[in-house]
Amino acid sequence: MCGIIGYVGPRECKQLLLHGLERLEYRGYDSAGIALLEDGRLTYTRAVGNLKNLRAEAGDSRSPATTGLGHTRWATHGGVTEANAHPLAAEQPEKLAIVLNGIVENYRELRERLVEAGHVFASETDAETVTH
């Protein structure tokens, strides 16, 4: 289980996403994160534990981003670490971010094939296989 929120629109979205995640925190309390599209590239903020940790990490500074994605995670595959917190990305994190609610049942087989093909993984999650 997890909570997912996204925003595309005319308003600055950092605080919108954080507020939305607060309302979804009961759906995932192991870690949380946001990805913001700033100046044509994605930037990430992730934290382990309660959402107040993500708020502290994100800080009070404003962001010009009007497009973003947020996620609260209940860990299913991979430990409760910042590296496993969503949003996740593959080799070009400035271009692609995903969040996933669910389980990729055959992720071990997929990951093995991707590693053999030269892909490098940054997390222990099943969700990261989707980015690759």
Side-chain angles (χ1 to χ4, degrees):
M1 190 161 64
C2 63
I4 298 172
I5 185 168
Y7 179 81
V8 176
R11 297 169 55 190
E12 291 181 1
C13 67
K14 179 179 173 182
Q15 292 306 318
L16 293 172
L17 294 173
L18 291 170
H19 179 69
L21 288 175
E22 285 175 350
R23 298 190 66 156
L24 295 170
E25 186 172 20
Y26 72 96
R27 293 189 56 85
Y29 41 80
D30 290 332
S31 62
I34 57 174
L36 302 173
L37 184 60
E38 296 178 325
D39 299 322
R41 61 184 312 232
L42 291 166
T43 61
Y44 299 83
T45 305
R46 299 182 187 98
V48 171
N50 189 294
L51 198 64
K52 69 180 180 186
N53 298 338
L54 178 62
R55 273 209 175 271
E57 192 67 31
D60 293 328
S61 64
R62 294 180 66 174
S63 166
T66 60
T67 300
L69 188 59
H71 187 274
T72 61
R73 179 173 185 251
W74 179 61
T76 54
H77 291 96
V80 179
T81 66
E82 191 174 310
N84 290 337
H86 295 209
L88 295 169
E91 282 93 357
Q92 295 182 331
E94 69 282 356
K95 293 185 179 184
L96 173 72
I98 71 152
V99 296
L100 182 69
N101 181 17
I103 296 173
V104 180
E105 294 292 343
N106 64 337
Y107 88 98
R108 287 181 181 90
E109 295 87 358
L110 293 170
R111 184 180 183 118
E112 187 176 301
R113 282 193 266 161
L114 289 164
V115 167
E116 288 173 3
H119 292 258
V120 177
F121 286 77
S123 80
E124 303 166 336
T125 68
D126 57 334
E128 191 183 0
T129 58
V130 174
T131 69
H132 289 268

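Side-chain atoms of K14 come within 3.5 Å of backbone atoms of A58 as a donor-acceptor pair (strictly under, hydrogens ignored). With T45 contributing its side chain and I34 its backbone, the two residues share no donor-acceptor pair below 3.5 Å.
Listed by first and then second residue, the salt bridge (charged side-chain N to carboxylate O under 4.0 Å, His left out) pairs that reach into residues 85-94 come to none, sequence neighbours excluded. For residues 40-63, every residue pair satisfying the salt bridge (charged side-chain N to carboxylate O under 4.0 Å, His left out) rule, not counting sequence neighbours, is listed here: E12-R62, E22-R55.
For the residue pair A85 and A47, the shortest heavy atom distance occurs at CB-O, 4.5 Å. What you find for L42 and P93 is that their closest heavy atoms are CB-O, 3.5 Å. Across all their heavy atoms, I5 and L16 have their closest contact at CD1-O, 4.2 Å. Looking at every heavy atom in both residues, A122 comes nearest to A83 through O-CB, 3.8 Å. When all heavy atoms are compared, the tightest approach of V104 to V130 is CG2-CG2, 4.0 Å.
Residues passing the side chain to side chain donor-acceptor pair (under 3.5 Å) test with T81, sequence neighbours excluded: N84. Applying the side chain to side chain donor-acceptor pair (under 3.5 Å) test to Y29 and every residue at least two apart in sequence or in another chain returns W74. Remark: D126 pairs with H77 by the side chain to side chain donor-acceptor pair (under 3.5 Å) rule, at least two apart or across chains. Considering only residues two or more places apart in sequence or on other chains, E25 meets the side chain to side chain donor-acceptor pair (under 3.5 Å) condition with none of them. A65 is linked by a side-chain contact (heavy atoms from CB on, under 4.5 Å) to C13, L36, E38, S63, counting only residues two or more places apart in sequence or in another chain. Residues passing the side-chain contact (heavy atoms from CB on, under 4.5 Å) test with D39, sequence neighbours excluded: none. Take F121 and apply the ring pair (Phe, Tyr, Trp, His ring centres under 6.0 Å) test, not counting sequence neighbours, and it matches H132.
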Report, one line per pair, each donor and acceptor closer than 3.5 Å where one atom sits in a side chain of residues 105-115; sequence neighbours left out.
{"from": "R111", "atom 1": "NH1", "to": "S123", "atom 2": "O", "distance (Å)": "3.2"}
{"from": "R111", "atom 1": "NH2", "to": "S123", "atom 2": "O", "distance (Å)": "2.8"}

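With contacts defined as side-chain heavy-atom distances shorter than 4.5 Å, the pair T125/R73 qualifies. Looking at Y7 and L17, their side chains come closer than 4.5 Å, going by heavy atoms from C-beta outward.
To the nearest 0.5 Å, atoms NE2 (H86) and CG (D30) are separated by 10.5 Å. Distance CG/L21 to SG/C2: 10.5 Å, rounded to 0.5 Å. Put simply, OG1 on T72 and CG on L24 are 6.0 Å apart, with the number rounded to the nearest 0.5 Å.
Hydrophobic cluster membership for V48: V80 (Ile, Leu, Val, Met, Phe, Trp, Tyr linked by side-chain heavy atoms under 4.5 Å, directly or transitively). Through direct or relayed side-chain contacts under 4.5 Å between Ile, Leu, Val, Met, Phe, Trp and Tyr, V99 connects to I4, L69.
L96 and Y44 fall into different hydrophobic clusters, where Ile, Leu, Val, Met, Phe, Trp and Tyr are joined by side-chain heavy atoms under 4.5 Å apart, directly or via other members.
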Going through the checks in order, is the side-chain contact (heavy atoms from CB on, under 4.5 Å) test met by T66 and V8?
-> CA-CA 6 Å; T66 60; V8 176; over 6 Å; no

